[in-house]
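FYI, side chains are in, hydrogens and waters are out, and symmetry mates aren't considered; it's all heavy atoms of this structure. Naming: A, B, ... by sequence-line order, numbering from 1 per chain.
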Number of protein chains: 2
Amino acid sequence: MASVLRTLSAADDPANAPAPDGATFADASRSLLRRTLLEAARDLAADRPWRSVTMAAIAGRAGVSRQTVYNEFGSRPRLTEALVLHETEEFLTAVGDAIRRHPADPSEALSAALGVFLQAASEDALVAAVIREDGRDDLLPLVTSEGRPILEHGTGRLAVMMRETWPVLRGPEADFLAGTVMRLGLSYVVLPVADAERDATARGIADLVRPYVESLLARDGG
Amino acid sequence: MASVLRTLSAADDPANAPAPDGATFADASRSLLRRTLLEAARDLAADRPWRSVTMAAIAGRAGVSRQTVYNEFGSRPRLTEALVLHETEEFLTAVGDAIRRHPADPSEALSAALGVFLQAASEDALVAAVIREDGRDDLLPLVTSEGRPILEHGTGRLAVMMRETWPVLRGPEADFLAGTVMRLGLSYVVLPVADAERDATARGIADLVRPYVESLLARDGG
DNA sequence: TACCGTGCGTCCACGTGCTTGACATCGAGC
DNA sequence: GCTCGATGTCAAGCACGTGGACGCACGGTA
């Protein structure tokens, strides 16, 4: 009976529930903090070697105390990893957009996606920093010898994009194709092609995988 | 001498200053809160009459306590005013984009801007709410009898846009032109034209002011 | 008219998280 | 070896959102 007597506060009304898209302020604020810090780190890394970008500088640039950086990331290596993952995520978003623009033509989609990726990589300040600082910085290992997290994370995201765009694709096939594309992408990050060769490279890779992709799609898509 | 002995903390280093674009987390977080609340209010107003959108519902939708809404806006009338101003700001942004797309052709720019505005107004949920609820709600006065803040704020922003795009314009002329456009815009919010007449209306207004605008621009722009 | 439900506006004790200043530790450079 | 700067950790302080309470005004109802 206590529940009946209890004052009905406004918060109990289901009409006062959070927005359907889950855009509550608390969530958004937390992801905003991470994003602000990672963008501050990326901006600073554009100028000087990553090694010389201090935690204090990142905090200052983001308008936040140094302690907050440690609360959010724990340590410098973990921030570094998050930074590279964040940058990867931005590339994947651009690539995903390019793929979705060509739902009916997988070869064209792959060519466009690779073109977008190569273009973005050639202009990215953090990518430039990675390949500028040969091995003394702790950035390069993250996309090479220690690059498995990126590879697997990116492969997973790419595979999902591909299966969403081309539902005929089976899981293992999408994983393999996505993994191959990711490995090629990472390779072109570390060893870029000249600007003039970029389009030809994108088209070449697309030509290379076209028969494979089309054989998969023709299986029961025809 | 104390200043010499004082420990030099990392925060003193100018290299740790906030980002040049002023994108510190604290600022962004505060504006994020306002935006989240105002969008929650707008979304709720799309369904039901504004009168029935409670402060508790807005807070709940934004994932925030009711008190936070009062800390941010103070009272319901002030939140209402902020909501309308926020919506105005979104319209102004769209209109500004349209103007900037035609820097060389003022008449075309005005026509495009009006077209964008009429289109956006006809689709906007809050605008629909304003004209749906005749006078019992406290929304309508804010764009009519109590509409001076919107008119003056919008006029100022529009005048700045115009002078940026067409530097030949003098201050009073830009103010007058912007004010006239704002008054017309508010009129079409309250008394919209049918969808089919929208383009003709935009062109008509553009034709109307063309001689005036061109006479101003020809003054020393020719 | 008196009653009652509901939303507005305000207050306050509380918790969470960012801030500030300090400290130990480690590695690089003199 | 010593100093300096950066990393990582800690504790106290503080700002701000939270949750619950309250009084008040208003509209509907007996």
Q: Just the rounded figure in Å: distance from C1' of dT6(C) to CZ of Arg51(B).
A: 12 Å
Q: Is it the case that more than 12 heavy atoms not belonging to Arg183(B) sit under 6.0 Å from its CZ atom?
A: no
Q: Between the main-chain N or O of Leu140(B) and the side-chain N or O of Thr144(B), is there a donor-acceptor pair closer than 3.5 Å?
A: yes
Q: Rounded to the nearest 0.5 Å, how far does CZ of Arg157(B) lie from CE of Met182(B)?
A: 10.5 Å
Q: When you get a sec, tell me which of dG9(C), dG7(C), dT7(D) is the closest nucleotide to the side chain of Met55(A)?
A: dT7(D)
Q: Please say whether more than 12 non-hydrogen atoms of neighbouring residues, nucleotides or ligands are located less than 6.0 Å from CZ in Arg100(A).
A: yes
Q: If you round to the nearest 0.5 Å, how far is OH of Tyr70(A) from CG of Leu79(A)?
A: 9.0 Å
Q: Starting at atom CZ of Arg78(B), determine the distance to atom C1' of dG9(C), rounded to an integer number of angstrom.
A: 13 Å
Q: Can you measure Leu44(B) atom CG to dG7(C) atom C1' for me and round it to whole angstrom units?
A: 15 Å
Q: State, to the nearest 10°, the angle formed by the axis through the first five base pairs of the helix from dT1(C)-dA30(D) to dC30(C)-dG1(D) and the axis through its last five.
A: 10°
Q: Grab the CD1-C1' distance between Ile58(A) and dT7(D) for me, whole Å please.
A: 12 Å
Q: Would you confirm whether Ser122(B), through its side chain, and Gln119(B), through its main-chain N or O, come within 3.5 Å as a donor-acceptor pair?
A: yes
Q: Is a donor on one side and an acceptor on the other found under 3.5 Å between the side chain of Thr165(A) and the backbone of Met161(A)?
A: yes
Q: Which value, rounded to the nearest 0.5 Å, describes the distance between Leu44(B) atom CG and Arg61(B) atom CZ?
A: 5.0 Å
Q: Rounded to whole Å, how long is the line connecting atom CZ of Arg76(B) with atom P of dT10(C)?
A: 15 Å
Q: At under 4.0 Å between heavy atoms, how does the protein contact nucleotides 15-20 of chain C? Give one character per nucleotide, 5' to 3', with B, S or -.
A: --SSBB
